[in-house]
Trainee: 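Shown below is the structure under consideration.
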Number of protein chains: 2
Amino acid sequence: MHGLVRAIPKIEPKAQPCWCDDPFVARLKAHVDLGSADLHSLRAVIENDHAVKKRRDLVIDGYQYRKLSFIKEGFAARYKLLRNGKRQVVNVLVPGDVVGVPSSFLDRATFSVTAITDMKLQVCSLDDFVALCHRRPKFSLALCWIAVQEAASYAERVVDMGRRTSIERVARFLLDVHSRLAMVGRATESGFDLPFSQELMSDALGLSVPHLNRMLTKLRADGLITIDGHRVEFIDQNALAMLSHFQPFKLTQVPPATGLEPSVLLRHQT
Amino acid sequence: MHGLVRAIPKIEPKAQPCWCDDPFVARLKAHVDLGSADLHSLRAVIENDHAVKKRRDLVIDGYQYRKLSFIKEGFAARYKLLRNGKRQVVNVLVPGDVVGVPSSFLDRATFSVTAITDMKLQVCSLDDFVALCHRRPKFSLALCWIAVQEAASYAERVVDMGRRTSIERVARFLLDVHSRLAMVGRATESGFDLPFSQELMSDALGLSVPHLNRMLTKLRADGLITIDGHRVEFIDQNALAMLSHFQPFKLTQVPPATGLEPSVLLRHQT
DNA sequence: CTCGATTATTGATGCAGATTAATAAGCCGG
DNA sequence: CCGGCTTATTAATCTGCATCAATAATCGAG
């Protein structure tokens, strides 16, 4: 067996005119209904695309930011470097994810974000996006939903780190990455290209590299996965999910806008 | 030395007519400017207050919820029970916090929330709150800010669990709780009533009860804190913050609403 | 005030996973 | 296609913290 190396997955460019291959718009549409007028307004606040090279930092801990970037292509990791030299990756970012949550909402960034592969981003200023939200509240509601989902997924990570064994964490990480990649068309039914090095994954899982390696070896020895280069295939995805108590995330829609003043006016404080 | 027990802090009821002693409104006002018309609309969606007894579950993992509850009084913990019987507390809730993030935004709750003391809540339905957001977008923006802040604080917890030592975690926990209580007037400059049992804290920090106890003992032995009953006093808050690399959170304001269509209309995709 | 239940404290033992080190394998720039 | 650098793999040792166990303190209900 050999390495798990970062790799830029080869995507068939769908060559569709504007939005359909845009993972961020897809993400928004998962939460709210967007008409063409909405899309037009959204386009108006998005500045030109921005390319970022592998290993560049998009966000540096401690600095101020006022931009939102939507990942069109490529992978990144949000992390914190500690004084003792250790690093904790708090999550990995895939196409459709938003850079700038939470950095741009805070006085100063509390985490760094680094590009793991070459990336393509769509950038807009937070102020412009907020202005858009004032005009079209569905965007702020969609952003709420995205932020809440982000919070929920961090909370799950807390459980991972606090109370789950190393093998569970590794299995859950693979399943989680697979399901997120599948959601944006970057994975097959049972496999995907893992764009992360073992060092990155060990920093994400709070393990040492040797131990992570051992757990990956064990998963293969147990006939649950195969690894060929950077390609991961699930042999028994069910057993893997069972072993690690993994359940994929369920999203919900923002409740649609109702009439102007809702019935609650009938109720009030006692 | 003796126990750290849950306790209902005695608050001087300020006896102010409506909102000024309301920690949730205070929380909203930290992010957005609210006029009296806004407050009136907010009041309209809030149903009657709701009292909850100590040890009752407010949210149960796996069930569906569509309510937001704002904590007026009392403490709670958000947690997950694992198959092996272990529990991970992902955060503790204090007055001003929102129950229902993320539970009510998901298909089914992924965490439980339990009352640690008797509580008083203000409840409203998510649908009504969303309707309010459509009418007054500043509420959805404030909710975004709150959700993002929640995400940022979970992310910090991930770092805690993944890469920080047990003594750092304990010190940081105490400092964090103190700063959150101080923000809603439940703490003095250098001390506070700790309403949590050691079992709860160990589940929050991913430690065993004996080990947490040992670390608390060590903090006292090192002359950093005193504990008398449920009362914690910082002797050297600076040293404590240094030791644990603690930095309090900085909030930001939502950028104020600008004119109707912003200047960005001048820019568009290349 | 008393009893039972919860919570805190302390000690002894074991193991999961860190640490360190050393080698091999693959990748990239020239 | 070569040499340096990054990444993966494997092994040996060490340790922080879990686990188990037992007692003491405290709380709260009656």
Trainee: When you measure from the side-chain N and O atoms of A:N213 to the phosphate of D:dA8, is any distance below 4.0 Å, counting only OP1 and OP2?
Mentor: no
Trainee: Measuring from the side chain of A:L207 (C-beta onward, heavy atoms only), which nucleotide among D:dC20, C:dA18, C:dC28 has the closest atom?
Mentor: C:dA18
Trainee: Answer yes or no on whether B:R87 is positioned over the face of B:Y79, meaning its NZ or CZ is under 6.0 Å from the six-membered ring centre and within 45° of the axis.
Mentor: yes
Trainee: Whole Å only: how far is the CD1 atom of A:I116 from the C1' atom of D:dT6?
Mentor: 15 Å
Trainee: Go through B:F70 and B:F24 one step at a time and tell me if the ring-ring contact (aromatic ring centres under 6.0 Å, His included) criterion holds.
Mentor: CA-CA 6 Å; B:F70 312 117; B:F24 179 62; 3.6 Å; yes
Trainee: When all nucleic acid strands are considered with a 4.0 Å heavy-atom cut-off, which category describes A:S208: base, sugar-phosphate, or nothing?
Mentor: base
Trainee: Looking at C:dG11, does its base get a donor-acceptor pair with the side chain of B:R214 below 3.5 Å?
Mentor: yes
Trainee: Donor-acceptor pair, distance only, cut-off 3.5 Å: does the side chain of A:S112 make one with the backbone of A:D61?
Mentor: yes
Trainee: Grab the NZ-P distance between A:K218 and D:dT10 for me, whole Å please.
Mentor: 15 Å
Trainee: What is the separation between atom CZ on A:R163 and atom P on D:dT19, rounded to the nearest whole Å?
Mentor: 8 Å
Trainee: Could you measure the distance from the CG atom of B:D236 to the CG atom of B:L219? Nearest 0.5 Å is fine.
Mentor: 11.5 Å
Trainee: Tell me the interatomic distance from A:R55, atom CZ, to C:dC27, atom P, rounded to whole angstroms.
Mentor: 14 Å
Trainee: Evaluate A:H50 against A:S69 for side chain to side chain donor-acceptor pair (under 3.5 Å), listing each step before the verdict.
Mentor: CA-CA 9 Å; A:H50 187 42; A:S69 302; over 6 Å; no
Trainee: Any idea which of D:dG28, D:dA8, C:dT9 is nearest the A:S197 side chain?
Mentor: D:dA8
Trainee: Can you measure A:E199 atom CD to D:dA8 atom C1' for me and round it to whole angstrom units?
Mentor: 11 Å
Trainee: Return no unless some side-chain N or O of A:K86 is found under 4.0 Å from OP1 or OP2 of C:dT19.
Mentor: yes
Trainee: Measure from CZ on A:R220 to P on D:dT9 and round the result to the nearest Å.
Mentor: 6 Å
Trainee: Rounded to the nearest Å, what distance is computed from the CG atom of residue B:L212 to the C1' atom of nucleotide D:dT19?
Mentor: 16 Å
Trainee: Rounding to a whole Å, what distance do you find between A:I227:CD1 and D:dA8:P?
Mentor: 10 Å
Trainee: Would you indicate which nucleotide in C:dT10, D:dC17, C:dT19 comes nearest to any side-chain atom of B:H211?
Mentor: D:dC17
Trainee: Out of D:dG28, D:dT9, C:dC28, which has the shortest distance to the side chain of A:V209?
Mentor: D:dT9
